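Just so it is clear, the model here is predicted, and its values are computed rather than measured. Lettering of chains follows the sequences in order, A, B, ..., and the numbering in each one begins at 1.
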Protein chains: 2
Amino acid sequence: MRKTEMNQQTNQGENGNAEPRAKSEKEAGLFDKQLSRRDVLKIAGAGGLGLLLGGGGAYGVMAAKETLNHTVRKTSSPAGSRAPFYGQHQSGIITPTQNFLYIASFDLTTRSLADVRKLFQAWTEAAAVMAEGVMIGDTNNHLNLPPSDTGEAAGLSPSRVTLTFGVGPSFFDSRFGLSGKRPASFGDLPAFHGDALLPEWCGGDISVQVCADDMQVAFHAIRNLVRIGRGTAVLRWMQEGFQRTGPADPAGGTPRNLLGFKDGTGNPDTTDTGDMNESVWVQPQDGADWMRGGSYQVVRRIRMRIEVWDRSSLADQEQTFGRHRDSGAPLGLKDEFAPLDLNAKDSSGQPTLPMNSHSRLAHMDGKVKILRRAYSYSAGMDTKTGQIDAGLIFICFNRNLQKQFIPMQRILAKSDKLNEYTVHIGSALFACFPGTTKGGYIGETLF
Amino acid sequence: MRKTEMNQQTNQGENGNAEPRAKSEKEAGLFDKQLSRRDVLKIAGAGGLGLLLGGGGAYGVMAAKETLNHTVRKTSSPAGSRAPFYGQHQSGIITPTQNFLYIASFDLTTRSLADVRKLFQAWTEAAAVMAEGVMIGDTNNHLNLPPSDTGEAAGLSPSRVTLTFGVGPSFFDSRFGLSGKRPASFGDLPAFHGDALLPEWCGGDISVQVCADDMQVAFHAIRNLVRIGRGTAVLRWMQEGFQRTGPADPAGGTPRNLLGFKDGTGNPDTTDTGDMNESVWVQPQDGADWMRGGSYQVVRRIRMRIEVWDRSSLADQEQTFGRHRDSGAPLGLKDEFAPLDLNAKDSSGQPTLPMNSHSRLAHMDGKVKILRRAYSYSAGMDTKTGQIDAGLIFICFNRNLQKQFIPMQRILAKSDKLNEYTVHIGSALFACFPGTTKGGYIGETLF
């Protein structure tokens, strides 16, 4: 509580309040001692990690909660704009899709499992605090230290921010002594027909997916995790995504991708626990105990050939997706959510839904489902071609990659008419941990 | 009106309605003739331009308005979400800042002024239609043609989208016979101390600034203009920007940049016509008649050294901006909007506002103002350094560059403490035309 009082007084002092500063020697010492730049760097340690953890693991969070009046970000938004961080599963998987995405992949620069544990403890603390819209740590008002929160989300609502953590196949190499823990179904993806992967968009030891309804809140979250990770993990790649910002279609309509079509209409129902246990969450009988309640994530960066698409006729476009553009309904039908009729024929006896249409192929036998959670991206102009660099950050969650994403993508890669207009340039795979409860940390089941 | 009826019937047909199709021979011919891919490309001409303009210049807009029931994008948002396109000045300059930005620079591939005129006519039509939330053109339901609107904003509100057009100094070279029209105050920017400009982020013959409260609506707008321009203009660069999405601070507080600070607090009042005439709009006595009511735009891509900043103490950071981080108030004061006191001294006789602080230097003598309209950007990871590639797309509008931006930037480039944490990597300059009225087009005063 002493720290809390001190923070309050620092705050007043900084705002020009003439009230005498704290009297106790301890406080006065912390206040008045001039720290050299070297001292500051020493205190900050290898990165934000030392600062955030302070003396003991849970310190940062406790301090933040105790100084709630000062550190909670002012907001006019309802409590409903918070997405709960703690729970059986990590948030950001079946959470209703927010409007913005940052997804980053990291490589570990340490070979010590203890460091990895510390990193995930610090990240968990920071994530829980950010989900509440609270500033990270307790040094935001200490003039002689770098702020423990970078501040750009001050005044903004929590914006349903979610942070979702995972580890890639490379994490299970020899570095951390955990190669025996790699789930049998979790290896590198096979090479798919047509893949044109660029190393700068592939792989990674660790993933952090941040989603929020405010892009600045999402940026703040990923940036602070990068900062906290300094000295333990370095960025390998980072991708920004978006979807339409406006209120969701009250009828639950699917957002349009940058080709103008509704895609992902056939997603399973995230409110149906049975469906989620079937398709998304790893179950006890699946092996790899530490992944129970977790999910396997696929990230594919899919560049769209916007300019070629824009020269195709509407008929071509609709036959490519197997859907009407305006309504999103399967070809020949009117309702976006009408089930696909794979047997329907037109008057000349041809399948109404072309055999190589995207929705038909992705539907497979109708039994295998993945949970798609994709975002659009645009990244300026491709300086090599002068074309718009835009497309889809395809993200999906699976209970078992071998039975879900991999067979589906094999079929799509080989036959999908959409391949004429898209190219897969990035690929990564992560095992996203189960959730945790207060006092625990994400990753505790493995580390 | 014939076209309109046809569109309605096409629409019904596509939705599976069994109502007999149009009876007149002309309509039947347009419907039923199977067009080859070559035909389609011929009709589409060099790009969307031919399609959009159809037989006569204003056709696309008229058709779109007449088929309003079909082509207006469904929206649940209030009429207030439209930003008027027509007027004495272009929108997007003093329009209250929207949350998202796309700004693109184009180079002309034609040497014909008539082509340039046609391009701006087509862009004006499309811009006016998009500002109303209406689909572009009339071929969105013709199966055998590429849609005249790419469709990804269907169902989304107009989102206060604004489109703002300008020409760069290079436009006034020998190609179009307009070198005599270049305003005396409008040449290339001088080289500023510390500039580290990359050619891929600099210059251009033409600019289009799109701002909207929905990123997908903004993307749709710039993408369709790129498409319409095909054959006449090619992209030179394109930049995406954002600010916080949440409701604006009711007290009118300034959004924070990615360094966590409120910057731009000293902006002139856009509701004060006198201030705007003084600082933003070109006046009759300024020469260059075609620019009366227009404004000169500066675009600078300013990379932030995020990682270095995050290791600086709060005191360093506050002295850099000359403001308190939390409140945004000038150092030593409490109110964000308190005027800077350049003479204030601390107890040791030193200036309260450091001589090299950003706000002090940008304030200059307090008389020269520019209208800033900046956005943050983030563009993944810099693959060369492994650091976050993020910063500010600094945009400002000026009545006279020689008296406003240029002298201000000379001072900042030389002395600003903020330069320790930023680097200017892109630069461009555009003369943004005055507005136009229905039936006219942006650029008509020059072309």
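Between chain A and the options B:Asp389, B:Val226, B:Thr383, B:Leu258, the largest number of non-hydrogen pairs under 4.5 Å is found for B:Leu258. Annotation: maximal heavy-atom pairing with chain A below 4.5 Å, among B:Trp309, B:Phe261, B:Phe100, B:Trp237, occurs at B:Phe100. For the options B:Asp310, B:Ile222, B:Leu235, heavy-atom pairs under 4.5 Å to chain A are most numerous at B:Asp310. Among A:Arg236, A:Gln243, A:Gln239, the residue with the largest count of heavy-atom pairs under 4.5 Å with chain B is A:Arg236.
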>> Using the rule given for side chain to side chain contact (heavy atoms under 4.5 Å, CB included), can you reason through B:Glu240 versus A:Ser378, listing the C-alpha separation, both sets of side-chain angles and the distance that settles it, and then say yes or no?
In response: CA-CA 8 Å; B:Glu240 294 94 351; A:Ser378 79; 2.7 Å; yes
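Two residues are said to be in side-chain contact when any heavy atoms from C-beta on lie closer than 4.5 Å; A:Tyr375 and A:Phe242 fail this criterion. Side-chain contact between B:Ile388 and B:Met381: absent, with no pair of heavy atoms (C-beta onward) separated by less than 4.5 Å.
We find that A:Glu336 and A:Lys262 are joined by a salt bridge, their nearest charged nitrogen and carboxylate oxygen being less than 4.0 Å apart. In summary, A:Arg223 and A:Glu152 engage in a salt bridge, as defined by a charged side-chain N under 4.0 Å from a carboxylate O.
Heavy-atom distances place the side chain of B:Ala390, and not its backbone, under 4.5 Å from chain A. For A:Gln317, the part lying under 4.5 angstrom from a heavy atom of chain B is the side chain only.
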